[in-house]
J.: 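The structure follows.
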Amino acid sequence: MSHTTKAPPSSAPAESSNRVTLGLSNRLLARPEVGALVAAIVIFIFFLIVAPAFRSADSFFTVLYQASTIGIVAVGVGMLMIGGEFDLSAGVTVTAAGLFNAMFCYELGINLIVGAVLSLVFCLLVGFINGYLVMRTGIPSFLITLGTFFVLQGANLGVTKLITGSVSSPNINQMDGYSFLNAVFAHEFHVFGVTLPITVIWWLLFVAMSGYILQRTRIGNWIYAVGGNADSARAVGVPVLKVKVGLFMTVSFLAWFTGMHYLYNFNVLQAGNGVGNEFLYIIAAVVGGTLLTGGYGNAFGVAIGAFIFGMTNLCIVYAGWDPNWFKAFLGVMLLLAVIVNLYVKKLSTTRKVG
Amino acid sequence: MSHTTKAPPSSAPAESSNRVTLGLSNRLLARPEVGALVAAIVIFIFFLIVAPAFRSADSFFTVLYQASTIGIVAVGVGMLMIGGEFDLSAGVTVTAAGLFNAMFCYELGINLIVGAVLSLVFCLLVGFINGYLVMRTGIPSFLITLGTFFVLQGANLGVTKLITGSVSSPNINQMDGYSFLNAVFAHEFHVFGVTLPITVIWWLLFVAMSGYILQRTRIGNWIYAVGGNADSARAVGVPVLKVKVGLFMTVSFLAWFTGMHYLYNFNVLQAGNGVGNEFLYIIAAVVGGTLLTGGYGNAFGVAIGAFIFGMTNLCIVYAGWDPNWFKAFLGVMLLLAVIVNLYVKKLSTTRKVG
Amino acid sequence: MTDTLHEHADPELHEGEKLVEMVNVGKTYGAIRALKGINLTVKAGEVTCVLGDNGAGKSTLIKIISGLHPHNEGELLVDGKPVSFSSPRESLAHGIATVYQDLAVVSLMEVWRNFFLGSEMTNGTYPFAGLKIRDMKRIADEELRKMGIVVKDIDQPIGTLSGGQRQCVAIARAVYFGARVLILDEPTAALGVKQSGVVLKYTAAARDAGLGVVFITHNPHHAYLVGDHFIILKLGEAVLDKKRSEVGLDELTRQMAGGDELTELSHELKRPGS
Amino acid sequence: MTDTLHEHADPELHEGEKLVEMVNVGKTYGAIRALKGINLTVKAGEVTCVLGDNGAGKSTLIKIISGLHPHNEGELLVDGKPVSFSSPRESLAHGIATVYQDLAVVSLMEVWRNFFLGSEMTNGTYPFAGLKIRDMKRIADEELRKMGIVVKDIDQPIGTLSGGQRQCVAIARAVYFGARVLILDEPTAALGVKQSGVVLKYTAAARDAGLGVVFITHNPHHAYLVGDHFIILKLGEAVLDKKRSEVGLDELTRQMAGGDELTELSHELKRPGS
Amino acid sequence: SGGGAPKNTDTGGSGGGGGNSGYTFAMITHETPGDTFWDRIKAGANQAAKDTGSTLKYSADPDATKQAVLIQNAIDSHVDGIATTLVTPDALIPSVKKAVAAGIPVDSFNSGSDFWKQAGALTHFSSDEFLAGQQAGEKAKAAGATKILCTIQQAGSVALEDRCKGVKDSFPNTENIQVNGADDSAVTSSIQAKLSQDKDVDWVITLGAAQALDTIKAIKATNSKAKVGTFDLNIDAAQAVKAGDLQFCIDQQPYLQGYLAISQLYLFKKNGNIMGGGGPVLTGPSFVDKTNIDKILPFVENNTR
Ligand SMILES: Nc1ncnc2c1ncn2[C@@H]1O[C@H](COP(=O)(O)OP(=O)(O)OP(=O)(O)O)[C@@H](O)[C@H]1O
Ligand SMILES: Nc1ncnc2c1ncn2[C@@H]1O[C@H](COP(=O)(O)OP(=O)(O)OP(=O)(O)O)[C@@H](O)[C@H]1O
Ligand SMILES: [Mg+2]
Ligand SMILES: [Mg+2]
């Protein structure tokens, strides 16, 4: 055939007749986080009405703080879930990170900064092991990380008991390096009469980074692909193993970060803490529109999910409702958020993806 | 064409040349429960060696009892997971069932049998709502049942507090119908010098029924199909909605059953109990070879999974290991069980299903 | 095979009887229009062929008849009565069996279970009646052999079969269970010449047994071998709708290929030896 | 399109050069033997057609070349050196691009993301370099239009396209990225006549640009339009292995159909009007 | 038999309140939901709120980091006073200080007897956990124990660990065991397993009333001769004491802790009063055993002890 042959132009214009350009509003509505955003606004307004104590900047920032302590790890968990995997060990890794740092430095009298770095290495190793085992054995991540969850939970307790003779870490606020690490991980800014914890800023930063990576980089593309269809992704040359192991390590990095915050904010850590939080991270991700089966979701959705959770959690207290019913309210709010989310999506399009 | 045309016989014999008949041992090894069985035997022998206290019929039956309290609900959860769904509300439904029965009868002075039946109706309704919401809204069951989990957890506490003024149910062992229900749900047989709780017998019965239904009935076929590929199943006329709602109701029936056991065995129930057990059911199912994503698994596997869990749980005590490390041992055992399971499957075949 | 068809075909069928009729049917997926103003009649003892480019709406058309997606516009009549199927079960209950292009089988399930899925043979009607497992295995194996497919093990998960083998299972199933209307969505696409031949024979046999058949394909040669009526879709609308007596293979091929492009193509690709 | 090929094709290719060679290659899946003693050579500037019944082992053959499943027996040589690819990435790195029969696309991802998956265009090489999103969308849209496929919205999830449209995306992608060897597993199976024509033209163009092409199909007509070398598989073994000059279309068709069955078939199905 | 609820129960205790002070007090604890012990605390606090005509906002979280946020939450709500437990002093003290700095009076109760001063609390109401543990160990020793099993129903809780530590301090041959407090049958099975693994155990000290009842069941099932004592009290435990199945309950009078903590805040706001004269106010340990059970039982049935 001749090299000057032009592309067959005949069919193209003909087909465009049933081409529909979706309006901006429809395009917006189809994004995973928009449903969560609407749900967040509905719940926000609801609590402004029923909880007078919530109507202050102070309260709002307390909610933001609460959301950030869940939200930072949830950023990683959300990315991991988009990549098609679970991590049930994230909650206890947070505690393990802090305990490691505190006890290591306290017992050996080492500068806390050294301990923090070693603790990071330790956490990344946990993430690596999780990811590597999942990929190499083919056992579902739910099970592997459930195993690490139990192991870390037991080790947190066992090691702490062994070293300190109690179930909480030693107080480290007199040790070298404390003030620097406190400033990094637990500083509080006082602006316009309100207290802004640094974790909120870190959180927003991580969300922005995750958003950028997911939408705008090659790695982000790969994350969606390995979550959507790992076999197809492998077939076009995506390094599935590296991507997934990287995601597990991202989660454990963020868990370490949160662990550092707890340690340098509260100076001690209880060895039994963190259990149960792994589900809060997953809830945040899912409420924010992440698909449980992978391949769909985004960073802003996850952030909104964490915010909804933090808000509901505290506003029930602000509203002064009977704490015995606390969990029931939480459940109703969760269902509400999810249903609003769904309804908004239905509004925008009946397109089925399968 | 003529009606006497015979089927084309030409190609059939030709193709059979690369037809391989798998030997009996290979066929056996490919079944989902065999890996779990091998893992169970390995762990069993291991503990026989390290835990002298485990080497008695009494201990074995204590393990069986512990396994049965998890295993009964796990039968349902396993079937539900084969059908492609989760139920996180199963643990608290157990408690709700018992509380409902106890408080309803105590406050109104009604015969306990009536209360047990009403409690059953209530539980089936919970299961129905779970299933119906999942199917009608298309929201993943993980989220819907997380919502019911929170709602029931809160309601258990709130209602109990409201009615009894305390957080545990009233003691019902002096009320009409108690002895009958105690005999049904909590009897203990004393045979050959060992104590055999009736729950063990019920458990084995439910396992056998579930095994029969899954392998030998039309409904069982449908359960595998809706779990494996709900769209394809719907396309060939399987009533997906009915099957899935039925599965949720099966789980809540078995949760009710276990709740009755707790109530009539212990006579009182703490309103906060049952939280966390939903994961034990899922763990039992998954350790027993059930696929988290649905479509694969069987009843005997789930039973073995419950047995492995019960055994590990108690044998750590029989072995007299340091209780601080309890969870760590549990985690290692879980990983061990899963890996043995996997290894056995690999042995049998490298066939990839997907 | 023919025996199978005669055993299962509804004995009440009369040639030429209108089984399914579409009047001005349209369908949109959200903002996307997939079908518009379609008229189609499926008659007993006739094969209706639907042809068209990719994305023309062929699969959408048959999903409406088989109850997978309800239509938004127009009327669907079955045996003269207007219906709107809300599930494939209802359509199956009317004796309409379908082979879907993309929803063929449940990968993890055994071959024979897939074959009988939704229409299992049991020892009774009560819910927990036992399955007739041995019979089902035997029948599934027999029916597949008749198509020239010998699976290595009727107990193996269907996901381990090759693409074409899976397609054959789906077709054999539909033929076995289709009592009145048989719908085939590109049944021969993944098949070899031999297997395609078998499927075409089945199609013809179904027609001869008095069933109404809807046959979707890209291959005008295949279509012309069995079809009585031809409809060509383009962008969701019918651009040709003719009886066999009104149209020849050449015209069909030309219409499908969008004029003279194919001739041009074989010209362009002209090679030594051909 | 041709421009694309020339832009991307490896300029070092010499016609007739052996790019990929299989010597006595065999493959078993557990207890199932899928291939045995296969010899095959992919030469620059030639199209090698692999034909065969369903389950004959065609897909298995190309999965070995593209690194998806390693072979168990024999040798695979790329550019004369023995290799055993452990992942498709390695095969891609050798300039081998593949369109798989059953692993085409990630349903939930946008069309353009699928197009560039694994070979994204970025502003740099460092890991967090931004994607050139606008460029990628434009190119994906252009390449698809060249195949006669206009998607309604390049941003829509690919799962909402019709089966044939999805196949076209996969083919366009492989052509765009295949620098030395292009492997197509039944590319035209789901395609309409027009799209099939386009794919055949692409195949020919790739050959003319000096690439080695492996073309798998059930359709001997399609095969004969573009092929230089023909291999017919049966039960995992090669039963015919001939150059274009040694075999005619008739023989190919007959071999594929298992002797005279097809002639018999058109006889059997003989209908008025044909 | 018949049974059913005894009619005409007055769980509310004394009716009339002391008018309407308009104060809002927050009580923040480390309760794990569903524990009868905290129920008593709440009952006392509610009664005090009623008696003083104030409003009570109760919230709780077993995770110290979240408890700290709840204190912050109370500060945001500008309550008139905060009563909190100090279970993890280091984690909670900064928040308490913040409250004090914001002009909100704080008192502490239940745990943290060594830290309330440092935190800036007005005073502290508690029974020393460690001390109570020591006394429990001594009681068992007096009853002829040779080996004690101490059950912990919630892993990693500082307060529970302190109790067992106290037991071990006065009775060195003490071994701990972890049980799943959220599942009665799991508790029973674990204790059963432990009793058959270690035949030397002849005393079990449980840290919650519900676990004591499970333990009694386990002991019956294994035909063990072990005796049981427990921390905390509920109706069934009280009845078990009466029946002789349970040797003693250590009562730290949670109702009193709750009542005093809220009353203190009221009195401070109203009148500047501070209880305890610069030291903590002890509410226990008080032992409930065969000798005094008849006197206490009616109050237990009333949900106030
Ligand atoms: N579930 C869906 N959601 C949104 N759009 C859809 C959906 N299914 C089909 N479409 C669109 O409707 C149009 C018709 O699709 P259909 O599958 O009916 O085509 P087809 O004629 O079967 O094509 P092919 O020959 O490629 O199978 C296409 O443009 C497709 O993108
Ligand atoms: N992953 C696998 N596990 C087990 N068996 C397999 C697997 N993949 C293929 N097979 C078997 O290997 C044989 C060859 O399969 P293959 O997919 O290569 O056939 P094919 O020639 O591509 O057929 P088709 O034309 O239908 O696509 C078949 O019998 C198939 O059942
Ligand atoms: Mg189609
Ligand atoms: Mg193939």
Side-chain angles (χ1 to χ4, degrees), chain B residues 51-54 56 58-59 62-63 65-66 69-70 91 105-110 153-154 156-157 160-161 164-168 170-176 178 188 195 199 261-262 265-277 280 310 313-315 317-320 323-324 326-327, chain E residues 1-7 9 11-12 31-40 42-43 150-152 155-156 175-199 208-211 213-214 217-218 221-223 234-236 239 302-304:
Chain B
F54 182 45
S56 82
D58 270 327
S59 304
T62 307
V63 166
Y65 169 67
Q66 169 79 49
T69 60
I70 296 295
C105 296
Y106 190 81
E107 289 304 313
L108 304 180
I110 290 174
Q153 196 187 347
N156 280 352
L157 274 173
T160 309
K161 190 71 205 291
T164 70
S166 131
V167 289
S168 74
N171 192 323
I172 42 82
N173 67 2
Q174 300 302 323
M175 295 181 62
D176 287 342
Y178 175 80
E188 295 187 339
T195 311
T199 47
H261 166 68
Y262 279 97
N265 195 37
F266 296 98
N267 307 337
V268 288
L269 273 179
Q270 311 290 313
N273 276 9
V275 177
N277 281 1
L280 304 188
N313 220 328
L314 289 183
C315 283
V317 180
Y318 283 123
N324 289 314
F326 179 80
K327 286 288 166 69
Chain E
S1 39
K7 305 298 171 198
T9 48
T11 43
E31 165 184 4
T32 312
D35 189 334
T36 29
F37 178 83
W38 295 102
D39 226 35
R40 301 287 190 277
K42 267 186 273 181
C150 190
T151 69
I152 297 180
E175 197 176 310
N176 292 2
I177 183 174
Q178 302 268 1
V179 294
N180 175 7
D183 185 337
D184 290 313
S185 81
V187 175
T188 314
S189 308
S190 297
I191 307 263
Q192 243 170 283
K194 188 64 196 175
L195 290 176
S196 54
Q197 183 258 330
D198 189 345
K199 306 272 188 212
Q211 286 76 43
L213 300 168
D214 296 337
K217 209 165 169 61
T222 49
N223 297 319
N234 70 14
I235 300 174
D236 297 290
Q239 265 150 6
N302 208 20
N303 275 327
T304 51

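Note: hydrogens, waters and symmetry copies are ignored here, and every other heavy atom, side chains too, is used. Labels below follow one simple rule: chain letters A, B, ... track the order of the sequence lines, proteins then strands, and each chain is numbered from 1. Because the structure is predicted, anything quoted here is derived from the model rather than measured.
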J.: With only heavy atoms counted, which part of E/T188 is less than 4.5 Å from chain B, the side chain, the backbone, both or neither?
T.: side chain
J.: Over all heavy atoms of both residues, which pair between E/S190 and B/V317 is shortest? Give the atoms and the distance, please.
T.: O-CG1, 3.8 Å
J.: Please flag which part of B/Y318 lies under 4.5 Å from any non-hydrogen atom of chain E: side chain, backbone, both or neither.
T.: both
J.: For residues E/A186 and B/Q66, report the shortest heavy-atom separation together with the two atoms involved.
T.: CA-OE1, 3.6 Å
J.: Check B/A53 against E/S196 and note the closest heavy-atom contact, atom names and distance.
T.: CB-O, 3.9 Å
J.: Go through the atoms of E/D184 and report whether side chain, backbone, both or neither lie under 4.5 Å from a heavy atom of chain B.
T.: both
J.: Quick one: what part of B/N277 sits under 4.5 Å from any heavy atom of chain E, side chain, backbone, both or neither?
T.: side chain
J.: If you measure from CG on E/L195 to OG1 on B/T62, what distance do you get to the nearest 0.5 Å?
T.: 10.5 Å
J.: Between E/A193 and B/L314, which heavy-atom pair has the shortest distance, and what is it?
T.: CB-CD2, 4.0 Å
J.: Spell out, as yes or no, whether a donor-acceptor pair under 3.5 Å connects the side chain of E/K217 to the backbone of B/N265.
T.: yes
J.: Measuring from E/D183:CG to B/T69:OG1, what's the distance to the nearest 0.5 Å?
T.: 5.5 Å
J.: Between B/K327 and chain E, with a heavy-atom cut-off of 4.5 Å, which part of the residue counts as in contact: side chain, backbone, both or neither?
T.: neither
J.: Hey, could you give me the CG/OG1 distance between E/D39 and B/T160, rounded to the nearest 0.5 Å?
T.: 10.0 Å
